[in-house]
There are 2 protein chains.
Amino acid sequence: MSEIRKLFEEPTIETKPIFEGKVIKVQVDTVKLPNGATATRELVKHPGAVAVLAVANDKLLVVEQFRKPLERSLVEIPAGKLEPGEPPAEAALRELEEETGFRASSVKLLHSIAVSPGFADEIVHLYVAEGLQKGEARPDEDEFLNVEAITLETALQYIREGRIGDAKTITAVYAWQLYTLTGQYVYGS
Amino acid sequence: MSEIRKLFEEPTIETKPIFEGKVIKVQVDTVKLPNGATATRELVKHPGAVAVLAVANDKLLVVEQFRKPLERSLVEIPAGKLEPGEPPAEAALRELEEETGFRASSVKLLHSIAVSPGFADEIVHLYVAEGLQKGEARPDEDEFLNVEAITLETALQYIREGRIGDAKTITAVYAWQLYTLTGQYVYGS
């Protein structure tokens, strides 16, 4: 996200650390509002993630996995958390290969998406993969997932049925459908 | 989201409450993995939210507001948290009117989006508003925002520039663009 505006900025008066986990940190900030009043903001810090829109032979690569917060499984595009210091484009290539076995010759950033801007700083960097070649999947030890390659029609049907239901995957399917209709992606400047 | 599957389910062995805030709750669950090993899951509980895709006279209603987790302002479609026991469709009508002054004769559910399924249970119910009529905005006391009505071209430009950058708004703009190209929304079944 390039153009950073700070309309109605809320300067921090105090930060109270609450929790430092393996993935997230939680803090409560006291802020000053534009009218001079104060308010509290409950904030979740997250390392950020990458996700990959990968279409091979007119089929989208997706993985079904269990999502504990929702107590259900979801069909999603390949994705994963950023490791400390890891460049997002490298993480995208890594996650794609680990989860699906496909290698991309390159990835191009489509959007850096703030998935839950009300309380979390998590950004999901969504890449489009190019030059896909089939290799072998190597999921993490504690990662259980089913890989599928689905047509656009199936992807839209999965959205209607709720089997696809997360923000990055709906965004990716829409971007892909728009690409089939307009011949282009809405890449950032 | 209708079709609930539980592939690779992770039964809870223990739940450790961490934080109970005004908006979010945090807990750490110990779970059993499909291979019998155990793992921990850091979970954020959120009441859920609604968002509204409202197009009046070929322009999308959006609001710019400060997002403390990101330390920047974003241009987003009207949205807000669900109040306890509030039906999502009523919340959508309420938030639309409070933030923009526009009343809709009805709203139709487009998607229930899991915005951050890795750690949060937050679902954003995205509605399409129909029968819009201009009234008067009444934002909450501690809510500071600028209302704008933008063309599809401007919305796509805002995405490219990063002024629009959150999941629900990118999804809404894409859904709107697809509607202009195909004449329909991808409503759930």
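Chain naming here is simple, since letters A, B, ... match the order of the sequence lines and numbering starts at 1 in each. Bear in mind the structure is a predicted one, so any value in this text is a computation, not a measurement.
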* Asked: Around A:Glu130, counting heavy atoms of other residues, nucleotides and ligands shown, do more than 12 lie under 6.0 Å from its CD?
  -> yes
* **Over 12 foreign heavy atoms within 6.0 Å of NZ, A:Lys134** => yes
* **Between A:Glu122, A:Gln27, A:Lys81, A:Lys168, the one whose heavy-atom pairs under 4.5 Å with chain B are most numerous** => A:Glu122
* Closest non-hydrogen atom pair between A:Leu33 and B:Phe144, with its separation -> CB-CE1, 3.9 Å
* **Single-linkage hydrophobic cluster A:Val124~B:Ile113, side-chain heavy atoms < 4.5 angstrom** => yes
* To do: Return the minimal non-hydrogen interatomic distance between B:Phe8 and A:Phe66, and the atom names on each side.
  => O-CB, 3.2 Å
* Please determine, among B:Ser116, B:Ala49, B:Pro69, B:Ala167, the option with the most heavy-atom pairs under 4.5 Å with chain A. => B:Pro69
* **Path from A:Val52 to A:Val173 over hydrophobic side-chain contacts below 4.5 Å** => no
* Asked: Are B:Tyr179 and A:Leu152 connected in a single hydrophobic cluster, I mean Ile/Leu/Val/Met/Phe/Trp/Tyr linked by side-chain heavy atoms less than 4.5 Å apart?
  -> yes
* For A:Arg94, does the CZ atom have more than 12 heavy-atom neighbours from other residues, nucleotides or ligands under 6.0 Å away? -> yes
* To do: Evaluate whether atom OH of A:Tyr185 has more than 12 neighbouring non-hydrogen atoms of other residues, nucleotides or ligands under 6.0 angstrom away.
  => yes
* Which residue out of B:Asn35, B:Thr171, B:Leu156 racks up the most heavy-atom pairs below 4.5 Å with chain A? -> B:Asn35
* To do: Using a cut-off of under 4.5 Å on heavy-atom pairs, state which of A:Leu7, A:Asp121, A:Val115, A:Leu43 scores highest against chain B.
  => A:Leu7
* Residues A:Glu64, B:Arg5: salt bridge by 4.0 Å N-O rule -> yes
* With only heavy atoms counted, which part of A:Val28 is less than 4.5 Å from chain B, the side chain, the backbone, both or neither? -> side chain
* Structure fact -> Pair count under 4.5 Å, heavy atoms only, with chain B: among A:Gly21, A:Ala37, A:Pro117, highest is A:Pro117
* Asked: Between A:His46, A:Lys68, A:Glu71, A:Gln65, which residue shows the highest count of heavy-atom pairs closer than 4.5 Å to chain B?
  -> A:Lys68
* Heavy-atom distances under 4.5 Å only: say whether B:Val75 touches chain A with side chain, backbone, both or neither. => neither
* Asked: How far does CZ of B:Phe19 sit from CD1 of A:Ile18, to the nearest 0.5 angstrom?
  -> 4.5 Å
* Asked: Should B:Ile123 and A:Leu70 count as side-chain neighbours, where that means a heavy-atom distance under 4.5 Å?
  -> yes
* Asked: Heavy-atom distance under 4.5 Å to chain A: side chain of B:Ala79, backbone, both or neither?
  -> neither
* Among A:Glu42, A:Lys45, A:Lys6, A:Arg67, who wins on heavy-atom pairs under 4.5 Å with chain B? -> A:Glu42
* Side chain, backbone, both or neither: which part of B:Ile170 has a non-hydrogen atom closer than 4.5 Å to chain A? -> side chain
* Should the pair B:Tyr174 and A:His111 be assigned to parallel (<30°), tilted (30 to 60°) or perpendicular (>60°) ring geometry? -> tilted
* Indicate if A:Leu82 and A:Val44 have the same hydrophobic cluster label, given that clusters are the connected sets of ILVMFWY residues with side-chain heavy-atom separations under 4.5 angstrom. => no
* Asked: Under a 4.5 Å side-chain heavy-atom rule over Ile, Leu, Val, Met, Phe, Trp and Tyr, are B:Leu61 and B:Leu53 clustered together?
  -> no
* Which bit of A:Leu181 is near chain B, if near means a heavy-atom gap under 4.5 Å: side chain, backbone, both or neither? -> side chain
* Asked: Any idea which of A:Thr12, A:Asp29, A:Thr182 has the most non-hydrogen atom pairs under 4.5 angstrom with chain B?
  -> A:Thr12
* **Which atoms of A:Val26 approach chain B - backbone, side chain, both or neither, heavy atom under 4.5 Å** => side chain
